[in-house]
Number of protein chains: 2
Amino acid sequence: MRKETSTNLENEKLILASCGTSYTLDLIGGRWKPQILWRLLLQGCMRYSQLKNSMPNVSERILILQLRELEQDMLISRQVYPEVPPKVEYRLTELGLSLKPVLCCLSQWGDANRPNRVVSSDSEVLSEEL
Amino acid sequence: MRKETSTNLENEKLILASCGTSYTLDLIGGRWKPQILWRLLLQGCMRYSQLKNSMPNVSERILILQLRELEQDMLISRQVYPEVPPKVEYRLTELGLSLKPVLCCLSQWGDANRPNRVVSSDSEVLSEEL
DNA sequence: CGGCATCCAATTGGATACTG
DNA sequence: CAGTATCCAATTGGATGCCG
């Protein structure tokens, strides 16, 4: 006979919740993934060189690795144009686009609770638009 | 004279957004932090041994490190009772409690989009993952 | 009971140079 | 233009043992 039925229920809930949370964090928690995802969210579509030039603090290898992971996780798509010079475009997939409210949620909490945060009106504008 | 005013605005927005997102992820993105946070969210208050016994897959050192980080980031509080044997209780701070909607958001997206996810009440399958 | 110290393995991050 | 390859540093994760 099992005691603590309600505790077991609580346990199942937290296991489910923490699993889902960890899964999401695994996908978007990479060092540069938020920046990549936000750029693609706001720009819609970007070439590799655009991404690279807009993120000067990340080395090419790391950027490629992050892009490959996002691609394997089906969050972004990579389209190669077979021309010379080469042209590769990245954009969010449907799954990636579905992350929008999640990213928005994370951004808002972080912006609200980050010390020494920027208090200007840009953040509110951002919150409205997203 | 600056060209591309809209592009600059876009740039500011994404910087703000990705900064806030990265900040939040830095706080909750630790390997075991989702589990800890969810436990404290659902249980309200837990002793160290409770946490440890409920998370058999994490070593003590790592668990302590994660708890220390959460404490330094003001997400959880650590209360020591000066008695013998020692007694230490962990609970969420107000800031930690404010993460609830964020964690819910992450959990829901992960649960909805995780492949091979548990669709019904299979507690056995879940037990394996913890 | 609730840790900390030590030591080690694994993963991740990164600078640089080179290529089809 | 859009990457690879190589090599190396840093961070993280973890098992074990000891302590007040």
Side-chain angles (χ1 to χ4, degrees), chain A residues 18-19 21-37 39-40 43 45-73 75-92, chain B residues 18-19 21-37 39-40 43 45-73 75-92 129-130:
Chain A
S18 58
C19 277
T21 307
S22 295
Y23 178 76
T24 309
L25 290 176
D26 274 348
L27 297 195
I28 67 176
R31 180 79 175 78
W32 305 96
K33 288 179 183 177
Q35 281 194 45
I36 296 172
L37 293 172
R39 274 164 220 277
L40 294 180
Q43 308 274 356
C45 169
M46 293 179 77
R47 298 183 60 168
Y48 172 73
S49 55
Q50 281 184 281
L51 276 170
K52 188 183 68 176
N53 293 330
S54 69
M55 301 170 62
N57 291 332
V58 54
S59 69
E60 291 195 44
R61 193 184 75 100
I62 301 299
L63 180 56
I64 289 292
L65 285 179
Q66 302 272 299
L67 288 171
R68 292 289 179 275
E69 286 183 14
L70 289 170
E71 189 189 358
Q72 284 178 19
D73 292 332
L75 296 181
I76 68 175
S77 68
R78 174 174 175 272
Q79 185 169 7
V80 183
Y81 295 86
E83 36 183 78
V84 179
K87 176 179 171 183
V88 176
E89 285 181 347
Y90 293 92
R91 75 193 68 217
L92 293 178
Chain B
S18 58
C19 276
T21 307
S22 295
Y23 178 76
T24 308
L25 290 176
D26 275 348
L27 297 195
I28 67 175
R31 180 79 174 77
W32 305 97
K33 288 180 183 177
Q35 281 193 44
I36 296 171
L37 293 172
R39 274 164 219 279
L40 294 180
Q43 309 273 357
C45 168
M46 294 179 77
R47 297 183 60 167
Y48 172 74
S49 54
Q50 282 183 281
L51 276 169
K52 190 184 67 176
N53 293 331
S54 69
M55 300 170 62
N57 290 332
V58 53
S59 70
E60 290 194 40
R61 193 183 77 100
I62 301 301
L63 179 57
I64 288 292
L65 285 179
Q66 300 272 299
L67 288 171
R68 290 292 177 274
E69 286 183 16
L70 289 170
E71 188 189 356
Q72 284 179 18
D73 293 332
L75 296 181
I76 69 175
S77 68
R78 175 176 176 270
Q79 185 169 7
V80 182
Y81 294 86
E83 35 181 79
V84 178
K87 176 178 170 183
V88 176
E89 284 181 346
Y90 293 92
R91 74 193 70 217
L92 293 178
E129 302 192 27
L130 289 186

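Predicted model only: the values in this text are computed from it and were never measured. As a basis for the values below, the full set of heavy atoms in this structure was taken, side chains included, without hydrogen atoms, waters or symmetry mates. We name chains A, B, ... by the order of the sequence lines, and we start the count at 1 in each one.
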Out of [options], whichever nucleotide has its closest atom nearest the side chain of [X]:
X	options	answer
A:Arg47	D:dA2, C:dG3, C:dG14	D:dA2
B:Gln66	D:dA15, C:dA15, D:dG13	D:dG13
B:Pro86	C:dG3, D:dG20, D:dA2	D:dG20

Task: Of A:Lys52, A:Glu89, A:Arg39, the residue whose pairing with A:Met46 passes side chain to side chain contact (heavy atoms under 4.5 Å, CB included) - done: A:Arg39
Using whole Å, report how far [atom1] of [X] lies from [atom2] of [N].
X	N	atom1	atom2	result
B:Leu65	D:dT11	CG	C1'	12 Å
A:Met55	D:dA2	CE	P	15 Å
B:Glu83	C:dG3	CD	P	13 Å
A:Leu51	D:dG3	CG	P	10 Å
B:Glu71	C:dG2	CD	P	14 Å
B:Ile64	D:dC19	CD1	P	18 Å
A:Gln50	D:dA2	CD	C1'	13 Å
A:Lys52	C:dT16	NZ	C1'	14 Å

May I ask you to verify if any side-chain N or O of [X] is less than 4.0 angstrom from the OP1 or OP2 atom of [N]?
X	N	value
B:Arg68	C:dC4	yes
B:Tyr90	C:dG3	yes
A:Arg78	D:dG3	yes
A:Trp32	C:dG14	yes
A:Ser49	D:dC1	no

Task: Candidate pair B:Ser54 and B:Gln43, rule side-chain contact (heavy atoms from CB on, under 4.5 Å), full reasoning - done: CA-CA 12 Å; B:Ser54 69; B:Gln43 309 273 357; over 6 Å; no
Task: Pairwise side-chain contact, A:Arg91 with A:Gln79, heavy-atom cut-off 4.5 Å (strictly under) - done: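 Touching, per the 4.5 Å side-chain cut-off.
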Task: Side-chain touch B:Leu70/B:Leu37, heavy atoms, less than 4.5 angstrom - done: yes
Task: DNA chain D: 5'-proximal contact among A:Leu67 and B:Ile62 (nearest heavy atom) - done: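 Looking at the nearest nucleotide for each, A:Leu67 comes out on the 5' side.
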TODO: Check whether the side chain of A:Arg61 and the base of C:dG14 form a donor-acceptor pair under 3.5 Å.
DONE: yes
Task: Rounded distance [0.5 Å steps], OH in B:Tyr48 versus CG in B:Asn53 - done: 9.5 Å
TODO: Find which nucleotide of DNA chain C each of A:Glu60 and A:Asn57 is nearest to by heavy atoms, and output the residue with the more 5' nucleotide.
DONE: A:Asn57
